[in-house]
**Student:** 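My questions all concern the structure below.
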Amino acid sequence: MKDFDKLSEIAVRGLARFSSRRGVLASLGGLLGGGAFFPALPVARAQEGSGSGYPGVAPQSTGNPEDPGDPASCDYWRYCAIDGFLCSCCGGSQSACPPGTEMSPITWIGTCTNPADGKRYIISYNDCCGKPACGRCLCNRNEGERPMTRPQSNNDINWCLGTSTAAYTCSTAVIIGVALEQ
Amino acid sequence: MKDFDKLSEIAVRGLARFSSRRGVLASLGGLLGGGAFFPALPVARAQEGSGSGYPGVAPQSTGNPEDPGDPASCDYWRYCAIDGFLCSCCGGSQSACPPGTEMSPITWIGTCTNPADGKRYIISYNDCCGKPACGRCLCNRNEGERPMTRPQSNNDINWCLGTSTAAYTCSTAVIIGVALEQ
Amino acid sequence: APGVENPQRAHLNWMLHCQGCHRPDATGTPPGTPAMAGDVALFLQVEGGREYLTRVPGVANAALPDDQLAELLNWTLSTFDGAHLPADFTPYSAEELSAGRKRPFVSEATQIRAALREKFPVDVKTGNAQEGSGE
Amino acid sequence: MAFRRRGRLMGMVGAAALSGWALAPAMAELPIEPTPNVLSLPSDYPDSWVYLVDSNFFGIESGKVIIADVGAESHQMKGEIGYAQFGFFTQAKTRPETYVVETFYSRGSRGQRTDVISIYDNASLLSTGEIILEGNKRAQILSEPGAFQLSHDERFAYLFYFTPAASVGVIDLVNRKVVNEIDIPGCAHAYALKDYGFASLCGNGSVVTTRLDSNGKLVSQTMSEPFNDIDADPMYSRGEVINGVGYFPTYGGSVQPIDFSGDTAVVGKLWKLSADEGDAKDSKRLFGLLKSKPKGSWLPSGWQLMTSDDEGRLYVIMRANATMDDHDTGGGEVWVFNPKTHELVQTIELDAESSLIEVTHGADPYLVALRPDQSVDVYKAKTGEWIRNIGGGMLLTSFSAQAAN
Amino acid sequence: MAFRRRGRLMGMVGAAALSGWALAPAMAELPIEPTPNVLSLPSDYPDSWVYLVDSNFFGIESGKVIIADVGAESHQMKGEIGYAQFGFFTQAKTRPETYVVETFYSRGSRGQRTDVISIYDNASLLSTGEIILEGNKRAQILSEPGAFQLSHDERFAYLFYFTPAASVGVIDLVNRKVVNEIDIPGCAHAYALKDYGFASLCGNGSVVTTRLDSNGKLVSQTMSEPFNDIDADPMYSRGEVINGVGYFPTYGGSVQPIDFSGDTAVVGKLWKLSADEGDAKDSKRLFGLLKSKPKGSWLPSGWQLMTSDDEGRLYVIMRANATMDDHDTGGGEVWVFNPKTHELVQTIELDAESSLIEVTHGADPYLVALRPDQSVDVYKAKTGEWIRNIGGGMLLTSFSAQAAN
């Protein structure tokens, strides 16, 4: 067992933002051949502001101080309940699909708090469809996510519905409104 | 650049036997998200006899001392010019295809030396076809391999030819004769 | 709009609870998720239609209190099919929704919808005769 | 090792061998091996075999189901079958067959869509047929147990459709054709009931029973009272069925039983996943592994976060310091409960956090736990002893596993 | 950063803001964003863009070609197109189009095979058509430059077929149909010649010229004298074409030029990839990076092991302490030669061993080198300065890259 540990748990810079608060997709080391990851490693990096948290993915900015954070990072505020590859890393943006894909008109909807203004925005998680899975910036967060029995609040569905093909490419997080104060 | 090195070159137990003598496939760290490998690491392990060289793949034996080595290791003598996933790791063996696949009748041929008897055996690298790529034990060695202009000595071709589908699953190394002494 | 105390809240509830499947403009994905735009208020013109809208699963199952659900239904009717809203329309009340949602339709929603739509005025029935159950 | 072996051989044939392989012909040669040579499997798989299901998010067209012997010391991978585009998998008990619900496009990720149930023979792993699902309605979701179930006599398969309208396809597996589609608006899944029928979990927190006749025609549909507050403490839509009773964890750490063994789903009494009840019954702690847990900080978490053994014990992945938003994350311990007495009978500390566990059949079963690197750790379920790791790139992104029947 | 920002905002609106977002409505809200929203690309790509081709051996049905701006500080991935089952890729210069030769099965890795050339528009990345390749003869090999080439006027594509009988398909890209198939028994590939025709490399060490008329019909086929000893010092079947001349490295460290700029392939004089000739001409060492190499220990090695820049310099991956069996391995340095004078003008030490290099177009081009982890390092080609790494799971198993025209 000790030997096994030594062999298996040599750290590797990870695939995704492996926060301990992240969901099943976030736990995908996805390392072909058995590499292991330490959840703490990439998280620490992102918190130090040293990059997007995804090695080999350059940080981005919206250019708008009212929309803070890095859209190429799983930490970005709008991604509070996203599950999939970030379109920002795939030729799209946080609110646009990559060229050649089709944005699903049928989506699930959540709310996330913008740290710049403290408001809860209504976010539509539109999937982009029709190209091979992007493979970059796998991110899964589940704030307020609900089971399959309530699909409009569930992120484990391939939401490429109503598109010409249901092949999943990546996910966006589009602002469609601001929630009322409660 | 220094920072980059630190981030990228944290070692990981590797996908394949990454001997420095191995080919382009062997150089596939295949680590989603940017993990790096140190060629020396898994090689050293295999030489110490601590396993197949593929983490998470148990060592095998032919049971025949005249056919020495580990058929689940890229080091196994018959694999001297193989290129692909080892069927031994995929539900087949060094000379048999996994269930549900079809063994290609059209192959390329090489010769490898059996360290037990010192003889050069003629090896037929039959690909197994019709299931998704196995993904385990990627191994590429090129002893005596020749360019595409001499296909019968080339391992960069998908040899799933003459089968009902050409989808590549894994590769075997079948003894079909003994080379004449030179 | 009648029976809509807070249109902004109603719209936000539409976003959060409906539009993901029904699309922002209520055009839906027929036949499974039928279009509501342009004909949903016609249910109010046929017998049984008013009750149907309180028991159809998408309404009955929505994660909203009765009063906000009534407001959302009223808002949906006037927003997406105001032209067919009867002049004497009495807005849905919380009590009416509370009663209807306790007895939600399941698979029979499809047949009930089809039967109700049969009674729609001919000119609109033929124009948008998709059947479905989702709502 | 090869070279050590050679040295010994050379020693045996004497000093002349030092001149190289010129003398080798005196020794027996390795025999010529037959081609083609394709292995096959038994029709009935041993208890230690498991189906490991790989969705392969990095090539969704290229998923696969791996058949593995987790009890073997080597050669654990026995074979594989395809599993394309958010597939579902299940196996028959009464026929040597497995079923994969999958989706293909004529041009990979574009073009004409075809949904099928692919049927494979256990021994040959060859496709022995398929049932085309017209209309392309099948749900493409991460695999959940209720999305694809067989009737108890294995005549029908019940398959969750989502377009986003929700319905259930009723497929006759004997005659290999779709015989009906039942709308379940506002609900999801189809847990098999007695005879013909299924139960679906609904967005208002109720369960709907759909009864069918022997032709798959609708007989009746009845909805229970709402019993789950999906806002406050949602029940996972993934349950583990033990002797006909489905056990559904809640995000907040309880278990909701629903009895599927009769003609109608019957909602049971919620109970708490906690060490407390077990603490009161020390004599029933079978394996001496129970530890005192910090109360309130452990929650169920993971994707396939529950499984069971043949003795009916319920295994649940638990996460320390969890919140409800961690529901899919996975955790570092597996707690084992007697679901009838609700007592905690065992805890297993995992070598790595896991979001997927499965226990094999048999009297001394194995616990399989997916590691974050997508290799699997194998433990003795009864003792929690770590036995081995099986990996090597076999799985890329796995969300389900099933012990072979 | 997000939280620092928030702190500053709160400071600006004063102490009242500490009570939380109750006061937030006073601030401007982020605007509602339009849907659907799909980006597009320019039809003419900038010089710094590269096609990175991913075969994805871990899901061969799911390969892809990634369009990347290696010169950008962020947003380097611009989009992708599919690339299934040992595809080939090339791009047009005269039309805003790219072409992928790929193979599909009706059921993923089984069922009916269809070979096609998929045609994509540069700006939209949408498929604008396809040419079906009847007979399913196209070679499924690791991508080599000679396997899929366009005629100089880009009317025809020449595509290597291998069944294992070798032939070349002649495809009219303007009328989008296959117009001919030319047998090249014992040979491989189709390097485009002047007007209509192609050159193939043969197993006897010769090159065969096939001349076509303007309808793609065979005019003549002529074989050169054998010039390459494939046993002793084989020439790679992968050459880099600069101004119509193909430069083919040999396993033993020489370069064989073959002139494809005329109607017939003309075999040039073999020269050695070594620092020696350069040593004699110090004045031509442009960048001061040349080091003395241990003689005889460096060999060319890699898969896409050669590339060139717009000034006609030839870049070759070199491996230290190599043997001929290391031909596909990759190496730690890139040596840059003037292919006319044969002198070594520059060496670039790579940050990690690479088996694939590509240089972008333009006056100050980038050198792209694939790392073992399948991310790419980007260097300034002229100075060897490392600029950035682009990865993040973008590529899984890559064997080719092409600078955008």
**Student:** Looking at A188(D), G205(D), S237(D), G111(D), which has the largest count of heavy-atom pairs under 4.5 Å with chain A?
**Tutor:** S237(D)

**Student:** Hey, does N142(A) have a side-chain heavy atom less than 4.5 Å from the side chain of D328(D)?
**Tutor:** yes

**Student:** Side chains of T149(A) and C202(D): closer than 4.5 Å at any heavy-atom pair?
**Tutor:** no

**Student:** Has R146(A) got a side-chain atom pairing as donor or acceptor with I230(D)'s backbone, closer than 3.5 angstrom?
**Tutor:** yes

**Student:** Can you check whether Y168(A) reaches S109(D) side chain to side chain, under 4.5 Å on heavy atoms?
**Tutor:** no

**Student:** Return the set of residues passing salt bridge (charged side-chain N to carboxylate O under 4.0 Å, His left out) with R78(A) (not counting sequence neighbours), or none when no residue passes.
**Tutor:** D67(A), E33(E)

**Student:** Side chain to side chain donor-acceptor pair (under 3.5 Å) with T210(D): which residues, sequence neighbours excluded?
**Tutor:** Q221(D)

**Student:** Can you check whether M148(A) reaches L201(D) side chain to side chain, under 4.5 Å on heavy atoms?
**Tutor:** no

**Student:** What's the shortest heavy-atom distance between P132(A) and E61(D), and which atoms?
**Tutor:** CA-OE2, 4.4 Å

**Student:** Using a 4.5 angstrom heavy-atom cutoff, name the option from E144(D), R107(D), H189(D), R238(D) with the most pairs to chain A.
**Tutor:** E144(D)

**Student:** Pick whichever of A166(A), A133(A), G144(A), C129(A) has the most heavy-atom pairs under 4.5 Å with chain D.
**Tutor:** A166(A)

**Student:** Can you name the closest pair of heavy atoms from F58(D) and F85(A) and give their distance?
**Tutor:** CE2-CE2, 3.7 Å

**Student:** Could you have a look at T163(D), N321(D), D231(D) and say which one has the most heavy-atom pairs with chain A under 4.5 angstrom?
**Tutor:** D231(D)

**Student:** With a 4.5 angstrom heavy-atom cut-off, which part of I157(A) approaches chain D: side chain, backbone, both or neither?
**Tutor:** both

